[in-house]
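Notes follow the structure.
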Amino acid sequence: MEKKEFLTGKCIDISFEGKGVIKTEQGIVFVDGAFPNEELEVYVEYTRAGTKFGKIRRLIAKSENRIQPLCGICTSCGGCQFQQLSYDAQLEYKTNKVKDAFRRHFNKDFDVLACLGMDNPYHYRNKIQVPLGKDIHGNIISGFYRANTHKIIATDVCYIDDERSRPIIKDIKSLMRSFKIEPYDEDKHTGCIRHILIRTSKHKDQIMLTLVTFLDEFKGKNNFVKAIVEKHPEITTVIQNINTRDTNVILGQKERTLYGRGYIEDSILGVNFKISSKSFYQVNPIQVDVLYGKAIEYANLTVNEIVIDAYCGIGTISLIAAKKAKQVYGIEIVKDAIIDATRNAKINNINNVKFECDDASKYMLRFNQLGIKVDVVFVDPPRKGLDESFINSLLTLSPKKIVYVSCNCETLARDLVLLSSKYNIDKIQPVDMFPMTHHVESVLLLTIK
Ligand code: SAH
């Protein structure tokens with residue numbers, strides 16, 4: 001075995017992906033869990049495209065922002081890069097991350113508001129998915145995949161998941177033993193349950209359990225489900241999802257409801273949403289009110305205004321905006337999301353929203369051709385941001401205000417360079433939707449010049 005080379009160095013920054021940037025005599029090494037000003041001994045684990053990635057061997061001088069993490073396995077799980085960083089320092093990092101992105105793209109400093117964090121930054125996730133397997137003793141285990149492998153690291157705790165979920169997972173494993181239901185074995189293609197998914201509702205007492213099975217046949221399912229629900233009456237619906245493919249994608253196409261109504265409900269800023277096992281829904285139900293609350297505040301809608309919610313997903317922003325505006329048009333490329341959005345409008349008795357399934361750029365073009373005057377446009381695009389044809393259509397449409405919700409400050413700042421030809425950047429507000437991770441969302445108000 002090749003001998004590991006140990007290097008000492010100082011952490012000079014945190015990278016865009018949340019890794020410590022360690023300056024050593026042999027160059028820069030990126031390592032998880034190292035924070036600015038720390039001196040460390042590290043080793044290189046692998047090199048990708050000339051960039052060295054490593055691990056910490058020894059901490060020589062600690063950052064004053066380093067704290068004892070709650071989770072004993074946060075360094076191997078990889079889900080929470082920042083559990084060892086104080087929450088105040090996490091928020092400061094996020095504010096600066098947005099600032100840096102703007103500085104790089106504009107070559108000047110912007111006023112970025114302080115990142116809005118949570119009072120309690122733990123146990124916020126409403127969607128939990130865990131793989132099942134067996135350990136070498138044949139015990140059923142659940143946990144997470146070790147980074148870049150399919151080896152399950154067994155754990156029954158997680159400090160960011162909704163606390164209601166872990167006791168359910170624990171009891172499912174013990175009931176599987178009593179009912180002789182096997183976890184799926186990826187190598188031998190035997191066994192039954194591959195993954196357990198739990199979605200919890202923040203505002204209603206409802207929990208959805210989805211059992212992802214390898215085969216359609218699920219022997220003993222009725223008694224098994226009955227036993228789970230008896231033990232956990234807080235579960236209001238149970239779904240069997242069938243995924244026969246050899247893939248990293250957790251959910252298959254086909255599913256059936258084994259118990260309850262097949263969906264749960266939750267609400268954002270007073271609007272109700274029906275959530276099925278496959279629906280997209282924001283995973284931090286507390287901060288989603290903060291993020292979209294700011295978006296609505298910035299739009300400052302009045303009853304005569306026409307609004308477009310491009311990239312509308314299941315219609316969240318559209319439906320909240322519809323309560324204040326004259327007419328809202330929601331546009332989204334995924335058909336299932338549009339079906340959810342339309343259903344969500346109905347259950348809330350909201351009639352002034354029109355949802356359409358199309359590419360946002362094409363849709364905007366059509367609006368331009370029809371000559372419809374639009375007052376406010378919300379955009380909440382995926383990580384890759386807006387494309388140029390969308391930006392051009394948006395500039396032609398020239399709404400008074402644009403509210404940009406972004407999950408990637410790099411593409412956000414890039415897009416803003418183009419939009420700023422016609423728009424002032426009035427507010428840049430980062431919001432912490434994912435405490436303990438390096439991700440940061442932002443909401444911006446742009447007004448026409
Ligand atoms: N505000 C939404 C979430 C938006 S996430 C909600 O709360 O549900 C970004 C959305 O943009 C995704 O739903 C994605 O499917 C959609 N999308 C991606 N590319 C698109 C395109 N070219 N045109 C329209 N929608 C697109």
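Note that the numbering runs from 1 along the sequence shown for the chain. Counting starts at 1 for both ligands and their atoms, following the listed order. FYI, side chains are in, hydrogens and waters are out, and symmetry mates aren't considered; it's all heavy atoms of this structure.
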Quick check on the 6.0 Å ring-centre criterion: do Tyr404 and Tyr298 meet it?
no

Contact table, ligand 1 N/O with protein N/O, distance under 3.5 Å:
unit_1, atom_1, unit_2, atom_2, d
ligand 1, 1 (N), Tyr292, OH, 3.2
ligand 1, 1 (N), Asp380, OD2, 2.8
ligand 1, 7 (O), Tyr292, OH, 3.1
ligand 1, 7 (O), Thr316, OG1, 2.3
ligand 1, 8 (O), Ile314, N, 3.2
ligand 1, 8 (O), Thr316, OG1, 3.0
ligand 1, 13 (O), Glu332, OE1, 2.7
ligand 1, 13 (O), Glu332, OE2, 3.4
ligand 1, 15 (O), Glu332, OE2, 2.6
ligand 1, 22 (N), Asp359, OD1, 2.7
ligand 1, 23 (N), Ala360, N, 2.8
ligand 1, 25 (N), Ile333, N, 3.2

For the residue pair Lys97 and Tyr93, would you count it as a cation-pi contact if the rule is NZ or CZ under 6.0 angstrom from the ring centre and within 45 degrees of the ring axis?
no

Six-ring centre of Phe30, Lys19 cation under 6.0 angstrom, axis tolerance 45°
no

Would you say Tyr124's side chain and Pro435's backbone share a donor-acceptor pair under 3.5 angstrom?
yes

Does any N or O in the side chain of Asp205 come within less than 3.5 Å of the main-chain N or O of Glu234, such that one atom is a donor and the other an acceptor?
no

Pairs involving residues 314-333, ordered by first then second residue, that meet side chain to side chain donor-acceptor pair (under 3.5 Å) (sequence neighbours left out):
Asp309-Ser318

